[in-house]
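One structure below.
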Amino acid sequence: MSVICWFRKGLRLHDNPALTAAIDQGMELFPVFVLDPWFVANARVGPNRWRFLHESLTDLDNSLKAIGSRLFILKGKPEEALVKYYSKFDVKAITWEYDSEPYSKERDQRIEEISESKGVKVIIKHGHTLYEAERIFKANGNKVPLTYQAMQKSMSNLGAPPKPKPAPSQLPSHCEPKNKALMTSTKFNIPSLEDLNIDVSELLPPLYPGGESEALKRMKKCLSKKQWICNFEKPKTSPNSLEPSTTVLSPYLKFGCLSSRLFYYELAKVYEGNKHSQPPVSLHGQLLWREFFYAVGALSPNFDRMEGNPICKQIPWSNDQKLLEAWKHVRLQGRTGYPFIDALMTQLKREGWIHHLGRHAVACFLTRGDLWQSWEEGMKVFEEFLLDADWSLNAGNWMWLSASAFFHQYFRVYSPVAFGKSTDPDGDYIRKYIPALSKFPTKYIYEPWKAPLSDQKAAGCIIGQDYPRPIVDHDIARKKNLQKMSNAYKADKEKRGADDTSNKAKKKK
DNA sequence: TATTGTGTTGGGATG
DNA sequence: CCATCCCAACACAAT
């Protein structure tokens, strides 16, 4: 008799309720990860995030081995791969961590039904977020919280989040498989990235290696800077510093290498007795933003699309592949001709992470600010390149920045020239990520097309040749787009008004 | 139903 | 250089 602990997110031993529940079953334990071909075919996972996952699984396997178990990798559709081993391992129960993403919900529903039909008990635990979305929904008067304030209010109604539980030390002897050969069988080893047909040829050494060990190390390093923790205000951190100005714990939270509840309480310890910043700008506030988007994402239909999404403004974005590709810059060099934007996109592609405000700048530029392309396209690019690409947060923030939901002051447009200057007046960030501009005079580094030809020659970079001219004139595009936004908002309001009256008419009948 | 207050993190002019 | 104010103008929540 055995129990499977099915890892998906939550790639950690600490504060892992699904793992604890599995151990408590008092049976042989099989910690399992399923390599699901759906992700290869449908999810936009770039090589960098594949590597992060691979590193996280390797770390998890090592940690499990250290306490007397191991990770078993199964390949194939979960409903087939898991069921195959239900009989082979004589499985009586399976545990997993609740996952609110649409594909996961559907998948888990299927596995739950199949498992129960096979006499396998299903145990589902919450561990990925501070609070369960359903509880937030109830605490908000059975409504989806659509503002940060409403979210904060419902969370304060719920009280403090559950305390994190420590990682299990040596496993009880009942957990070890009776068939000792399974513990060393290479059949269940983690395949290499090459075996998975991931092209790693263009990857640079990882700046943010995956795994729980790395996550805890990184968190501890952050927590040791007590002043910094207490004074942290997100809007005051820099999007274009040469080293990240924030924690870069997001990839670890996304994969569950780090428990959000552990980080929450570790921060609280540092705060205790000290004056400290408050949500939404504090580090606690950042965790609450994550909660916010997770909750809305879990409770709203069609959250990652404009069509059929009730909270999303319907805006007639255009679809211009050339503009999109310039923004995404398919080739190594930046392609929009705006150095700040191109440098950010270069960092994104190369390192898998850019600062939150940098994401604002490029997202605004692609959508309502300059290029008038759909936020869904931008979301897909982020999904491919970000190590921390997280379904709810990604869709939610793209709606925010494109003024499609949550945020509506669309006349506030980030300037691709001025915005970066305040935190990096010399343009060192641009010089780092766009070598062609490295010798450009500071005066023109944010708008190189304005430099006299003599300066361009001296810097060894001719605009239009060694670095592109701007693909749009920001001042013109901005004005045009403001008008389009205004029209779209009016049309949206009218449409909603019409829907309302027809709804009311129906009710009266 | 109308009114008022508020909104994580802009830009530009002014002193 | 910086802090401060205004710009122009919207949706949504609260009342």
Side-chain angles (χ1 to χ4, degrees), chain A residues 140-155 231-241 245-246 250 276-293 295-296 300 309-315 338 340-341 344 354-365 367-370 393 396-426 442 446-447 474-479 481-497 499-501 504:
Chain A
N140 193 48
N142 291 319
K143 278 185 294 184
V144 183
L146 290 174
T147 65
Y148 194 85
Q149 281 188 344
M151 178 75 190
Q152 263 186 299
K153 220 170 152 186
S154 39
M155 284 193 295
N231 294 330
F232 185 93
E233 290 180 48
K234 186 65 163 277
K236 290 188 178 163
T237 57
S238 166
N240 49 2
S241 50
S245 61
T246 50
S250 51
H276 61 87
S277 54
Q278 294 291 332
V281 297
S282 65
L283 280 166
H284 260 178
Q286 304 315 300
L287 281 172
L288 300 195
W289 279 112
R290 177 176 183 270
E291 280 313 284
F292 174 66
F293 286 117
V296 192
S300 311
N309 182 343
I311 65 169
C312 182
K313 287 269 177 296
Q314 304 298 302
I315 296 167
Y338 285 94
F340 181 51
I341 302 297
L344 282 161
I354 50 178
H355 186 278
H356 187 62
L357 292 176
R359 300 180 197 198
H360 278 212
V362 297
C364 184
F365 188 87
T367 57
R368 65 191 171 86
D370 294 83
L393 279 62
N397 276 304
W398 272 99
M399 281 190 270
W400 186 294
L401 260 302
S402 60
S404 299
F406 312 114
F407 171 84
H408 303 280
Q409 282 171 284
Y410 56 77
F411 45 88
R412 286 190 176 177
V413 175
Y414 287 86
S415 161
V417 172
F419 184 61
K421 280 185 184 171
S422 59
T423 40
D424 179 25
D426 296 336
T442 298
Y446 281 88
E447 33 195 350
H474 174 66
D475 291 326
I476 295 170
R478 179 179 158 274
K479 284 200 183 98
N481 291 347
L482 279 176
Q483 192 56 53
K484 284 193 221 168
M485 282 304 277
S486 169
N487 293 341
Y489 264 55
K490 270 182 208 141
D492 193 277
K493 201 175 181 179
E494 274 166 28
K495 192 172 174 294
R496 275 165 210 261
D499 287 354
D500 270 8
T501 40
K504 273 175 195 162

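Order of the sequence lines fixes the chain letters, A, B, ..., with proteins taken first and strands second; residue numbering starts at 1 for each chain. Basis for what follows: all heavy atoms, side chains included, without hydrogens, waters or symmetry-related copies.
- Here the nucleotide nearest the side chain of His356(A), chosen from dT8(B), dA11(C), dA9(C), is dT8(B).
- Considering only side-chain atoms of Phe419(A), the nucleotide from dC10(C), dG12(B), dG10(B) that sits closest is dG10(B).
- Per the geometry, CD belonging to Gln409(A) stands 14 Å off P belonging to dA8(C), to the nearest Å.
- Judged by distance alone, the side chain of Ser154(A) and the main-chain N or O of Asn140(A) form no donor-acceptor pair under 3.5 Å.
- Between Tyr148(A) atom OH and dT8(B) atom C1' there is a gap of 8 Å when expressed in whole angstrom units.
- Of all nucleotides listed (dT8(B), dG11(B), dA9(C)), dA9(C) comes nearest to the side chain of Phe411(A).
- Remark: P of dG12(B) and OH of Tyr414(A) are 14 Å apart, rounded to the nearest angstrom.
- Distance from the side chain of Trp400(A) is smallest for dT8(B) among the nucleotides dC10(C), dT8(B), dG10(B).
- A stacking contact links Trp289(A) to dT8(B): the aromatic ring centre lies within less than 5.5 Å of the base's six-membered ring centre, and the planes differ by less than 30°.
- Between the side chain of Tyr338(A) and the backbone N or O of Ser415(A), no donor-acceptor pair lies under 3.5 Å.
- As a whole-Å value, the separation of His474(A) NE2 from dG12(B) C1' is 12 Å.
- Per the geometry, CE belonging to Met399(A) stands 16 Å off C1' belonging to dC12(C), to the nearest Å.
- Taking the six-membered ring wherever Trp is involved, the centroid distance between the rings of Tyr410(A) and Tyr489(A) falls below 6.0 Å.
- No side-chain donor from either of Thr442(A) and Asp426(A) sits under 3.5 Å from a side-chain acceptor of the other.
- As rounded to whole Å, 14 Å separates atom C1' of dT8(B) from atom NE2 of His408(A).
- Among the nucleotides dT8(B), dA13(C), dA11(C), the one closest to any side-chain atom of Tyr489(A) is dA11(C).
- Not a single donor-acceptor pair under 3.5 Å links the side chain of Arg368(A) to the backbone N or O of Leu482(A).
- One P atom belongs to dT6(B), the other to dA8(C), and the distance between them is 22 Å to the nearest Å.
- Counting only heavy atoms from C-beta on, Lys153(A) has its side chain closest to dA14(C) among dA14(C), dC10(C), dG11(B).
- Taking 4.0 angstrom as the limit, Lys313(A) places a side-chain polar atom (N or O) nearer than this to OP1 or OP2 of dC12(C).
- For dT8(B), there is no paired base (Watson-Crick or G-U wobble, both distances below 3.5 Å).
- Rounding to whole angstrom units, CD1 of residue Ile315(A) and P of dC10(C) are separated by 14 Å.
- Taking 4.0 angstrom as the limit, Gln149(A) places none of its side-chain polar atoms (N or O) nearer than this to OP1 or OP2 of dA13(C).
- Summarising the base pairing, dA8(C) is matched to no nucleotide, lacking a Watson-Crick or G-U wobble pair whose two defining distances lie under 3.5 Å.
- The nearest whole Å value for the distance from the CG atom in Leu482(A) to the P atom in dG12(B) is 12 Å.
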